[in-house]
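Everything on this sheet refers to the single structure shown next.
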Amino acid sequence: MNKLLSIHLLWLMVLFAPAQTIAQIQPIDKDTANALPADTVLPGQKNPFTDAQRLEASNSRFLKRAVIPSVALVGAGILTIQGRGLISSFDTRDARNRAFPNFSTEADDFIMLAPLVGLYGFNLISSQNRHELGRQTLLLGLSGVLASAVVWPVKGLTNIDRPNGEPHAFPSGHTTYAFTIATFMDKEFRHKSPWISVASYGIAGATGVMRVLNNAHWMADVLAGAGVGIISVNTVYWVHAKLTKGGGLNTTFVPVVLPGGAKGMALTIAF
């Protein structure tokens, strides 16, 4: 029974995020949408395509769509560390050892990057990307920085060994970045097709599952990593929306001469 429950729980991680994605694209109350002021489109920002994007700065929406799911995932990770919980990380490790003792793949090292290929592909063939390429890169980079600022210090503080004996298990960095990329793709392209979001989250979930099957991480590490990735991207977009009030940041790179004569580049941001 533990074996069956553990294996099915792992695959539920693949199914959970796409279901959340479909829930996010449900229409909002028309009166609320009609009461919103017209969006100001500044350089680097294309016209919003969904009400969810127009309401990105909403505190209540941020709480329901980002904070609560992320806290639930991180909390589930904490509650199932090692031997804790009804189905613990030790249980899933034991189930993995019985069912897939020789499982080994390197796919989890690069599959999480697959949505990025889609990102730049869509930018080349589609005019429906939410932000211009430069803005997308900036938002993705900031999301990655925020995720890293959480993951790596926590790894050192918790100091939990992985199932294979290597250090710094909690939370999973691979899973964090996989869900960071997936959430970013959801933000940028959910208006084009919800299946882009479903595919991206499915790949992120598969990355987490493979980390467990590879004996590189505990289930708790993967759950927490997914939560960190989701909240990192949502936080960056939430702050971005508040700063720009539905528009965009007018960013410009200009060449400068630094003290001493060295040449460099300066970034200016106009709110």
Side-chain angles (χ1 to χ4, degrees), residues 1-23 68-115 147 150-152 154-183 197-231:
M1 181 61 70
N2 282 340
K3 172 181 174 180
L4 291 174
L5 289 174
S6 301
I7 295 301
H8 286 303
L9 182 61
L10 287 175
W11 287 108
L12 280 175
M13 289 188 292
V14 179
L15 300 175
F16 171 78
Q20 180 186 355
T21 301
I22 295 173
I68 293 177
S70 298
V71 169
L73 285 168
V74 174
I78 294 173
L79 291 174
T80 57
I81 287 178
Q82 297 184 335
R84 300 177 183 174
L86 180 62
I87 300 178
S88 70
S89 291
F90 284 170
D91 292 332
T92 55
R93 185 271 315 274
D94 294 341
R96 177 265 177 200
N97 291 341
R98 291 191 298 269
F100 308 101
N102 300 317
F103 184 92
S104 178
T105 180
E106 296 181 356
D108 50 341
D109 289 330
F110 60 84
I111 190 176
M112 64 180 179
L113 300 176
V150 174
V151 167
W152 298 106
V154 173
K155 278 180 175 288
L157 289 172
T158 54
N159 195 28
I160 297 173
D161 288 339
R162 303 168 189 246
N164 58 16
E166 296 182 3
H168 307 310
F170 185 90
S172 166
H174 278 69
T175 309
T176 297
Y177 295 129
F179 273 86
T180 297
I181 294 171
T183 306
S197 299
V198 170
S200 298
Y201 277 121
I203 290 172
T207 300
V209 170
M210 283 189 288
R211 295 305 285 168
V212 174
L213 293 179
N214 267 337
N215 219 28
H217 274 290
W218 306 99
M219 178 182 67
D221 310 337
V222 169
L223 290 170
V228 172
I230 292 171
I231 194 63

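For D109, the side-chain hydrogen bond (donor to acceptor under 3.5 Å, both in side chains) criterion is met by H174, not counting sequence neighbours. The side-chain hydrogen bond (donor to acceptor under 3.5 Å, both in side chains) test applied to N215 returns no partner, not counting sequence neighbours. Listed by chain and number, the residues in a side-chain hydrogen bond (donor to acceptor under 3.5 Å, both in side chains) with T183 are Y201 (sequence neighbours excluded). In this view, R93 satisfies the side-chain hydrogen bond (donor to acceptor under 3.5 Å, both in side chains) rule with no residue, not counting sequence neighbours.
Closest approach of S200 and P115 over heavy atoms only: OG-CB, 4.0 Å. Of all non-hydrogen atoms in H217 and V222, the two that sit nearest each other are CB-CG2, 4.3 Å. The two residues V74 and V228 have their closest heavy-atom pair at CG2-N, 4.2 Å. G77 approaches A220 most closely through the heavy-atom pair O-CB, 3.0 Å.
Here the CG-OG1 distance, from N97 to T92, works out to 9.5 Å after rounding to the nearest 0.5 Å. Note that the CD1 atom of I81 and the CG atom of L223 stand 10.5 Å from one another [nearest 0.5 Å]. Note that OG1 of T176 is 11.0 Å distant from CD1 of I181, once rounded to the nearest 0.5 Å. For the atom pair CD (E106) and CD1 (I111), the distance works out to 13.5 Å, reported to the nearest 0.5 Å. Atoms CG and CZ, from L213 and F103 in turn, are 5.0 Å apart once rounded to the nearest 0.5 Å. Between atom CD1 of residue I160 and atom CH2 of residue W218 there is a gap of 9.5 Å, rounded to the nearest 0.5 Å.
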Residues 163-173 side chain polar contacts: donor-acceptor under 3.5 Å, at least two apart:
{"unit_1": "N164", "atom_1": "OD1", "unit_2": "E166", "atom_2": "N", "d": "3.0"}
{"unit_1": "S172", "atom_1": "OG", "unit_2": "T175", "atom_2": "N", "d": "3.1"}
{"unit_1": "S172", "atom_1": "OG", "unit_2": "T175", "atom_2": "OG1", "d": "2.8"}

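Judged as a side-chain hydrogen bond (donor to acceptor under 3.5 Å, both in side chains), not a single pair has a partner in residues 73-82 (not counting sequence neighbours).
Between R211 and D221, the closest side-chain pair of non-hydrogen atoms is not below 4.5 Å.
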